**Student:** 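Got a structure for you, written out below as structure tokens; questions coming shortly.
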Amino acid sequence: MPNSSKVYISQLKDSVGQVVTLSGWLYNSRASGKIQFLIIRDGTGLCQCIVEKGKVPDELFEQLKHLGRESSLTVTGTVRQEARSVGGFEMALTDAKVVSPAADYPITPKSHGVDFLLKNRHLHLRSQRQWCIGKIRHTVIDAIRRFFNDNGFILIDTPILTSMVGEDKQTLFEVDYFGSPLYLTQTGQLHVESAAMSFGKVYCFGPTFRAEKSKTRRHLTEFWMVEPEVAFIDLDGLLELAENFVSFIADQVLQNNRGELETLGADLEALEKIKPPFYRLTYADAGDILAGEKAKKFLADQLEDLKKQKQQIENRIAELEEEQKGQIKQWKRDKNATELIELRSELNEVETRIENNPKHAKLAAEFEWGKDLGGSDETIISQMHDKPIFVTHYPKEAKAFYMKTDRDNEKVVLNFDLLAPAGFGEIIGGSVREDDYDLLAARITEFGLKVEDYSWYLDLRKYGSVPHGGFGLGVERTVAWLTGERHIRQCIPFPRMMDRVYI
RNA sequence: UCCCCGAUAGCUCAACUGGUAGAGCGAGCGGCUGUUAACCGCUAGGUUGUAGGUUCGAGUCCUACUCGGGGAGCCA
């Protein structure tokens, strides 16, 4: 290569008019006789490269014409502004060197099923959608650390191997630790509480493990969670912290990843709305909504809507199928076939929702004070709002032993869940912790746990106990919500699901 | 643990009430000087998840199993 400077695609705007060199992979290519369009990705973005016959050696022209997707290569050319090109810039090639040719790359620019993509996860990470999500996940994690670091919180690394049972032993992964059982942590909370008594404001951030047998789009067995814990704070203080925190994350993503959000088709307008204050409901309020006319009407309207949608899709399918039977041009026939495939998959989804709607309505109508809110209940509440919703003061019996009883109403605890709007559901769970030694010891016993096993945890209530609390935010759920990705398994590079680990 | 749905070409999907498997994409070859998941022509590509059953005949019906998807419970 001649003396051209090496640049990244993200910096092309500073190189207009100059001859530069890019290194990357062939994302896609189109040939049109004497001109070729190569889309190259280098990790920072996409760039269209123009290869004109006569401007490069004939041999190279032919080589590039037959180069497979995801071949690695280095290209040199002149950068120019070009509105028609992805990213707004393109490169007129004068030279290129294939580093390593690739053939038969399994992932094509057309649609693929989830199973296929997960089996090819190591390659799928290269595709646009995963790349955008990965960049946003990076911003989310960076925002999480920055928010706490800039607000006087100290990072505490809690153990991954633990003997403590935070919530329920059945949902823990057991590990053989030199002959005796130990568990993969499902929360750093208990440990982080002790650190809060030293530093005041702390947080832990790491992977967490749940052996829940949940096969849904919002579950992973291994996921990342950040858990702040603050001494001398009450429920209102926690809610305020949580809404500022979540708003900051959303704002950072909007500032740094607008392009990625657009590529993903995220709802930017909805994201702009994520600003304090969030909605505040008590568990009792939520119950009234669920069991009342409002939710009933909401779900009935939704069902009507879905049925209308279904009818429309079916009509269109019938129309197209009729057309396919007649005498039509081949290209029209192919186009219809593509549309039919899309419509059928849409229809499938709408039908599932129609099927689930009455079930969810029934569960909501059967709301009974004392039970925890179900996943579908949270979805309904979430769908009824356009901003995140706090649900507070759950019944004591539905929640963990460490949550502080409301001194004004002994039946409920000072806890909260934060539900993301538009049907995404829970992204945060948190509470004020029981800080009274005797009450906590009694709760431990009530839960069938041994007080001896929690002696160090109880010590925190023995030596200078203070009101304190915290919460846990799920990174993947947050990323899924912000990006509009329907399944959280797309929001972690290498997802672990129940009975299912690919690479 | 329970409920619903599915498995057909490398991928995404068709095949009306049982009649002998077809598109698009991808791959290969050719055409086209501005393409945007380009387009056009040709070629190759299948023991219809496995095992059994009903039938003159099974991708289609029945049974069991395997694998996958969605949801409930539980949760971030």
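What you see is a predicted model, and the numbers here were worked out from it, not measured in a lab. The basis for the numbers below is simple: all heavy atoms, side chains too, and nothing from hydrogens, waters or symmetry mates. The chains referred to below are lettered A, B, ... by the order of the sequence lines, with proteins before strands, and numbering in each begins at 1.
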**Student:** Within 45° of the six-membered ring axis of A/Phe278 and under 6.0 Å from that ring's centre, is NZ or CZ of A/Lys387 located there?
**Tutor:**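 No, A/Lys387 does not lie over the aromatic ring of A/Phe278.
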**Student:** Which class fits the ring pair A/Tyr203 and A/Phe153: parallel under 30°, tilted 30 to 60°, perpendicular over 60°?
**Tutor:**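 Perpendicular, since the angle between the ring planes exceeds 60°.
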**Student:** Whole angstrom is fine here: how far is it from CG in A/Leu373 over to P in B/C74?
**Tutor:**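 Going from CG in A/Leu373 over to P in B/C74 covers 10 Å.
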**Student:** Which value, in whole Å, describes the distance between the P atoms of nucleotides B/G22 and B/U43?
**Tutor:**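 Nearest-Å result for B/G22 against B/U43 at atom P: 15 Å.
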**Student:** Between B/U12 and B/U55, how far is it from one P atom to the other, in whole Å?
**Tutor:**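 Result for the P pair: 37 Å, nearest Å.
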**Student:** So that I know where these two stand, are A/Tyr394 and A/Phe416 an aromatic pair - ring centroids less than 6.0 Å apart?
**Tutor:**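 For A/Tyr394 and A/Phe416, the ring centres are not under 6.0 Å apart.
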**Student:** Report the distance from atom CZ of A/Phe116 to atom P of B/G69, rounded to the nearest whole Å.
**Tutor:**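 Atom-to-atom, A/Phe116 to B/G69, this comes out as 15 Å.
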**Student:** My understanding is that a pair needs two contacts under 3.5 Å, Watson-Crick or G-U wobble. By that rule, which nucleotide pairs with B/G73?
**Tutor:**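 Its partner: none found.
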**Student:** Return the value, rounded to whole Å, for the distance between atom NE2 of A/His112 and atom C1' of B/G26.
**Tutor:**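 Checked: the NE2 to C1' distance equals 8 Å.
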**Student:** Quickly work out the A/Leu347 CG to B/G6 P distance and round it to whole Å.
**Tutor:**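 A/Leu347 atom CG is separated from B/G6 atom P by 13 Å.
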**Student:** By nearest heavy atom, map A/Val475 and A/His487 onto RNA chain B; which one lands nearer the 5' end?
**Tutor:**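 Per heavy-atom nearest nucleotide, the more 5' residue is A/His487.
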**Student:** Should the pair A/Arg486-A/Glu349 be classified as a salt bridge under the 4.0 Å nitrogen-to-oxygen rule?
**Tutor:**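 Yes, A/Arg486 and A/Glu349 are salt-bridged.
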**Student:** Check this for me: does any side-chain nitrogen of one of A/Lys399 and A/Asp372 sit under 4.0 Å from a carboxylate oxygen of the other?
**Tutor:**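 Yes, this pair counts.
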**Student:** Give the nucleotide from the list B/G70, B/A76, B/A72 with an atom nearest to the side chain of A/Phe223.
**Tutor:**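 Within the option list, the nearest is B/A76.
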**Student:** So what does A/Gly374 hit on the nucleic acid, given a heavy-atom distance under 4.0 Å: a base, only sugar-phosphate, or nothing?
**Tutor:**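 Here A/Gly374 touches the backbone only, sparing every base.
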**Student:** Mind checking the P distance from B/G45 to B/G10? Whole angstroms is fine.
**Tutor:**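 Going atom to atom, P in each nucleotide, I get 12 Å.
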**Student:** In this structure, how many angstroms lie between the P atom of B/A37 and the OH atom of A/Tyr105, rounded?
**Tutor:**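 For the pair A/Tyr105 OH and B/A37 P, the rounded distance is 18 Å.
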**Student:** Can you tell which of B/A72, B/A76, B/G73 lies closest to the side chain of A/Arg477?
**Tutor:**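 For the A/Arg477 side chain, the nearest candidate turns out to be B/A76.
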**Student:** B/G46 and B/A9: how far apart are their P atoms, nearest whole angstrom?
**Tutor:**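 Per the computed distance, 10 Å lies between those P atoms.
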**Student:** Rounding to an integer number of angstrom, what distance separates B/G68 and B/G52 when you compare their P atoms?
**Tutor:**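 The answer is 24 Å between these two P atoms.
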**Student:** For B/U66, which nucleotide in any strand shown is its Watson-Crick or wobble partner with both distances under 3.5 Å?
**Tutor:**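 B/A7 - that is the nucleotide pairing with B/U66, both distances being under 3.5 Å.
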**Student:** Suppose you measure atom P in B/A15 against the same atom in B/C32; what distance do you get, rounded to whole Å?
**Tutor:**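 Roughly 39 Å separates the two P atoms.
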**Student:** Indicate yes or no: does A/Glu366 engage A/Lys362 in a salt bridge with an N to O separation below 4.0 Å.
**Tutor:**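 Salt bridge present between A/Glu366 and A/Lys362.
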**Student:** For B/G45, give its Watson-Crick or G-U wobble partner with both distances under 3.5 Å, or none.
**Tutor:**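 Across any shown strand, B/G45 pairs with none.
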**Student:** Rounding to the closest angstrom, what is the interatomic distance between B/G59 and B/U20 at atom P?
**Tutor:**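 Pairwise P distance, B/G59 against B/U20, rounds to 10 Å.
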**Student:** Checking only heavy atoms, does the side chain of A/Ser214 share a donor-acceptor pair with the base of B/C74 at less than 3.5 Å?
**Tutor:**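 Check passes, donor-acceptor contact within cut-off.
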**Student:** Given that both distances must come in under 3.5 Å, which nucleotide forms a Watson-Crick or G-U wobble pair with B/C61?
**Tutor:**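 Pairing partner: B/G53.
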**Student:** Whole Å only: how far is the CD atom of A/Glu222 from the C1' atom of B/A76?
**Tutor:**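 To the nearest whole Å, that distance equals 14 Å.
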**Student:** Is it true that A/Arg126 and A/Glu70 have a side-chain N and a carboxylate O under 4.0 angstrom from each other?
**Tutor:**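 Judged by the 4.0 Å cut-off on N to carboxylate O distance, A/Arg126 and A/Glu70 do form a salt bridge.
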**Student:** Looking at A/Gln130, I want to see if its CD is surrounded by more than 12 non-hydrogen atoms of other residues, nucleotides or ligands under 6.0 Å.
**Tutor:**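 Count over threshold, so yes.
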**Student:** Using a 4.0 Å heavy-atom cut-off across all strands, classify A/Leu473 as base, sugar-phosphate, or nothing.
**Tutor:**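 Nothing, no heavy atom under 4.0 Å.
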**Student:** Any ion pair linking A/Lys34 and A/Glu52 (charged N to carboxylate O, less than 4.0 Å)?
**Tutor:**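 Looking at A/Glu52 and A/Lys34, the cut-off is not met.
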**Student:** Taking atom P of B/G69 as reference, at what distance in whole Å does atom CE of A/Met497 sit?
**Tutor:**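 Spelled out: CE on A/Met497 to P on B/G69 is 7 Å.
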**Student:** Taking only side-chain N and O atoms of A/Arg489, does any of them lie within less than 4.0 angstrom of OP1 or OP2 on B/G68?
**Tutor:**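 No, A/Arg489 has no side-chain N/O under 4.0 Å of OP1/OP2 on B/G68.
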**Student:** Looking at A/Arg129 and A/Glu260, is there a salt bridge between them, counting it only when a charged N and a carboxylate O are closer than 4.0 Å?
**Tutor:**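 Salt bridge absent between A/Glu260 and A/Arg129.
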**Student:** Please name the nucleotide paired to B/A37 by Watson-Crick or G-U wobble geometry with both distances under 3.5 Å, or report none.
**Tutor:**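 Partner of B/A37: none found under 3.5 Å.
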**Student:** Give a yes or no on whether a salt bridge exists between A/Arg84 and A/Glu82, defined as a side-chain N under 4.0 angstrom from a carboxylate O.
**Tutor:**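 Counted as a salt bridge, because a side-chain N and a carboxylate O are separated by less than 4.0 Å.
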**Student:** Check every atom of B/C11, B/A14, B/A37 against the side chain of A/Asn28 and return the nucleotide holding the closest atom.
**Tutor:**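 Per side-chain heavy atoms of A/Asn28, the pick is B/A37.
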**Student:** Could you state the CG-C1' distance from A/Leu343 to B/G24, rounded to the nearest angstrom?
**Tutor:**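 Distance check: A/Leu343 CG to B/G24 C1' gives 15 Å.
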**Student:** Please state the P separation for the pair B/G6 and B/C16 - nearest whole angstrom.
**Tutor:**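 Taking atom P in both B/G6 and B/C16, they lie 15 Å apart.
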**Student:** Of the candidate nucleotides B/C75, B/G73, B/G71, which contains the atom at the shortest distance from the side chain of A/Arg217?
**Tutor:**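 Output: B/G71.
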**Student:** If the sugar-phosphate is the primed atoms plus P, OP1 and OP2 and the base is the rest, what is the B/S/- string for nucleotides 28-34 of chain B, using protein heavy atoms under 4.0 Å?
**Tutor:** -SS-BBB
**Student:** Can you name the atoms? Protein N/O to nucleotides 2-5 of chain B N/O, anything below 3.5 Å, with the distance.
**Tutor:**
from	atom 1	to	atom 2	distance (Å)
B/C4	O2'	A/Glu355	OE2	2.9

**Student:** Does the base of B/C75 carry an N or O that pairs as donor and acceptor with the side chain of A/His219 under 3.5 Å?
**Tutor:**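 Check passes, donor-acceptor contact within cut-off.
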**Student:** Given that both distances must come in under 3.5 Å, which nucleotide forms a Watson-Crick or G-U wobble pair with B/G26?
**Tutor:**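 Per the H-bond distance test, none.
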**Student:** Run the salt-bridge test on A/Glu222 and A/Arg210 with the 4.0 Å N-O cut-off and return the result as yes or no.
**Tutor:**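 Salt bridge: no.
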